[in-house]
Amino acid sequence: VSQSRYHSIIQAEDPFYYRNKMEFTFSQDKEKNRYLGLIMEDSRGKVFNQTSCGLCPNWMIDTLKSVNEHWSTTALEAYHMPTNSGVLRTLTCRGGVFTKERMVILGLSGNPLYALTHEELDGFKQAILKANKDCNQLSIFVVLTHIEKKVPTFTTEIHLHGKDHYTETLLGKQFFISPQAFFQPNPVQAEVLYQTAFDLLNPSKDDRVLDLFSVS
């Protein structure tokens, strides 16, 4: 009987400011007070106005603040799911830890009754650009979420600025990441994870490797 081998947990060297993606939520209460930030734990969806975060780089918080400041100058309302009313849903910031490229995605309702004008969209675009003056490679997108009764929910992307993707490198390989694509949220630790897997596998050039998964 072979004995299982156990390996100790490989701890991340830096547990702060490591995330390459943050999704912030627009929200309003019954008094029409506005909030843009993360949803509070055990709050039934309540959002607080975020001004700092130990998980993501500072540029993401700077972008949030700039967008929130611009929002306060408009009459636009946060999206309300039960009534499918309002327009502003989410603000998502993504970026390459190793490449320093950035992507900002404004999530809006796809309900045509609340469609933004070109001028309104440009106002948010300018707020994002203002917060990222130091970035040489910035992409800006709008993602519309369309919700209708008896129709599967779907999204539409609108490209506003920069490239149609951002890039990241892991172990010398380059990845092209689109607005809604999944990517490991901690690239530094992802390199450790992948390299550890390679070291344990120790493949030769003649080996065949199968990447298998199951959908229940």
Point to revise | Worked check of side chain to side chain contact (heavy atoms under 4.5 Å, CB included) between Phe98 and Glu168 | key: CA-CA 6 Å; Phe98 297 110; Glu168 182 61 291; 3.2 Å; yes
Exercise for review: Determine, step by step, whether Asp134 and Lys100 satisfy the salt bridge (Lys or Arg N to Asp or Glu O under 4.0 Å) criterion, reporting the C-alpha distance in whole Å, the side-chain angles of both residues, the deciding distance to 0.1 Å, and the verdict.
Suggested key: CA-CA 11 Å; Asp134 61 331; Lys100 305 304 179 184; over 6 Å; no
Review point. Side chains of Met103 and Pro179: closer than 4.5 Å at any heavy-atom pair?
Key: yes
Check your understanding: Same cluster for Val97 and Leu193 if Ile/Leu/Val/Met/Phe/Trp/Tyr side chains link at under 4.5 Å?
Key -> yes
Revision key, fill the gap. Sequence neighbours excluded, the answer for side chain to side chain donor-acceptor pair (under 3.5 Å) partners of Glu101 is Lys163, Thr167
Practice item. Using a 4.5 Å cut-off on heavy atoms from C-beta on, say whether the side chain of His70 contacts that of Phe124. Key: yes
Revision key, fill the gap. In terms of heavy-atom contacts, Leu38 and Phe24 come closest through CD2-CD2, 4.0 Å
**Study point:** Verify same cluster id: Val67, Met22 (apolar side-chain graph, 4.5 Å)
**Key:** yes
Review point. Do Leu88 and Met60 sit in the same hydrophobic cluster, where Ile, Leu, Val, Met, Phe, Trp and Tyr count as joined when their side-chain heavy atoms come under 4.5 Å apart?
Key: yes
Study note, to complete from the structure: On a heavy-atom basis, the closest approach of Gly110 and Leu144 is CA-CB, 4.2 Å
Check your understanding: Will you find, in the side chains of Thr155 and Gln180, an N or O donor that is under 3.5 Å from an N or O acceptor?
Key -> yes
Exercise for review: Evaluate the ring planes of Trp71 and Phe26, with Trp represented by its six-membered ring, and classify them as parallel (under 30°), tilted (30 to 60°) or perpendicular (over 60°).
Suggested key: perpendicular
Check your understanding: OG1 of Thr99 to CG of Asn136: how many Å apart, nearest 0.5 Å?
Key -> 11.5 Å
**Study point:** Polar side-chain atom of Gln189 near backbone of Ile10 as donor-acceptor pair, under 3.5 Å
**Key:** yes
**Study point:** Ile140 vs Leu129 side-chain heavy atoms within contact, under 4.5 Å
**Key:** yes
Check your understanding: Is Asn20 reaching over with its side chain to a backbone N or O of Asn186, donor-acceptor style, under 3.5 angstrom?
Key -> no
Check your understanding: Would you call Tyr18 and Leu55 a side-chain contact if the rule is heavy atoms closer than 4.5 Å?
Key -> yes
Point to revise | Nearest atoms (heavy-atom pairs only) where Gln28 meets Ala78 | key: OE1-N, 2.5 Å
Study note, to complete from the structure: Distance col, row Leu121:CG vs Leu116:CG, nearest 0.5 angstrom, shows 5.0 Å
Practice item. Flag yes if Leu36 and Trp59 sit in one hydrophobic cluster, no otherwise; membership is Ile, Leu, Val, Met, Phe, Trp, Tyr, and two members link when side-chain heavy atoms are under 4.5 Å apart. Key: yes
Review point. Can you tell me how far the CG atom of Leu64 sits from the SG atom of Cys56, to the nearest 0.5 Å?
Key: 8.5 Å
Review point. Does any N or O in the side chain of Arg94 come within less than 3.5 Å of the main-chain N or O of Ser178, such that one atom is a donor and the other an acceptor?
Key: yes
**Study point:** Neighbour count >12 (heavy atoms, 6.0 Å) for atom CE, Met40
**Key:** yes
Review point. Under the side chain to side chain contact (heavy atoms under 4.5 Å, CB included) criterion, do Val209 and Asp211 qualify, and how do the steps go?
Key: CA-CA 7 Å; Val209 179; Asp211 183 7; 6.0 Å; no
Exercise for review: Determine whether the side chains of Asp199 and Thr196 contain a donor N or O and an acceptor N or O closer than 3.5 Å.
Suggested key: no
Exercise for review: Could you tell me whether the side chain of Tyr79 reaches within less than 4.5 Å of the side chain of Thr90, counting heavy atoms only?
Suggested key: no
Point to revise | Closest non-hydrogen atom pair, Leu76 against Glu120 | key: CD2-OE2, 3.7 Å
Study note, to complete from the structure: Interatomic distance, CD1@Ile39 vs NZ@Lys46, rounded to 0.5 Å, equals 13.0 Å
Check your understanding: Are Leu106 and Val104 side-chain neighbours, meaning at least one heavy-atom pair lies under 4.5 Å?
Key -> no
Exercise for review: Using modelled atom types only, decide if a donor and an acceptor are shared between the side chain of His159 and the backbone of His161 within a distance under 3.5 Å.
Suggested key: yes
Review point. Would you say Asn111's side chain and Ile147's backbone share a donor-acceptor pair under 3.5 angstrom?
Key: no
Check your understanding: In terms of hydrophobic clustering (I, L, V, M, F, W, Y; side-chain heavy atoms under 4.5 Å; direct or indirect links), are Leu171 and Val188 co-clustered?
Key -> yes
Exercise for review: Begin with the C-alpha distance, continue with both residues' side-chain angles, and end with the deciding distance and a verdict on side chain to side chain contact (heavy atoms under 4.5 Å, CB included) for Tyr114 and Asn84.
Suggested key: CA-CA 10 Å; Tyr114 300 91; Asn84 195 26; over 6 Å; no
Review point. Does some side-chain heavy atom of Glu69 sit less than 4.5 Å from a side-chain heavy atom of Ser66?
Key: no
Review point. What is the minimum heavy-atom distance between Tyr35 and Asn33, and which atoms define it?
Key: CE1-O, 3.4 Å
Review point. If we only count heavy atoms from C-beta on, is the Val143 to Leu108 side-chain gap below 4.5 Å?
Key: no
Practice item. Find the distance between CD1 (Ile128) and CG (Leu138) and round it off to the nearest 0.5 Å. Key: 7.5 Å
Revision key, fill the gap. In terms of heavy-atom contacts, Thr83 and Ser85 come closest through OG1-OG, 2.6 Å
**Study point:** Spacing of OG belonging to Ser109 relative to NE2 belonging to His146, to within rounding of 0.5 Å
**Key:** 8.5 Å
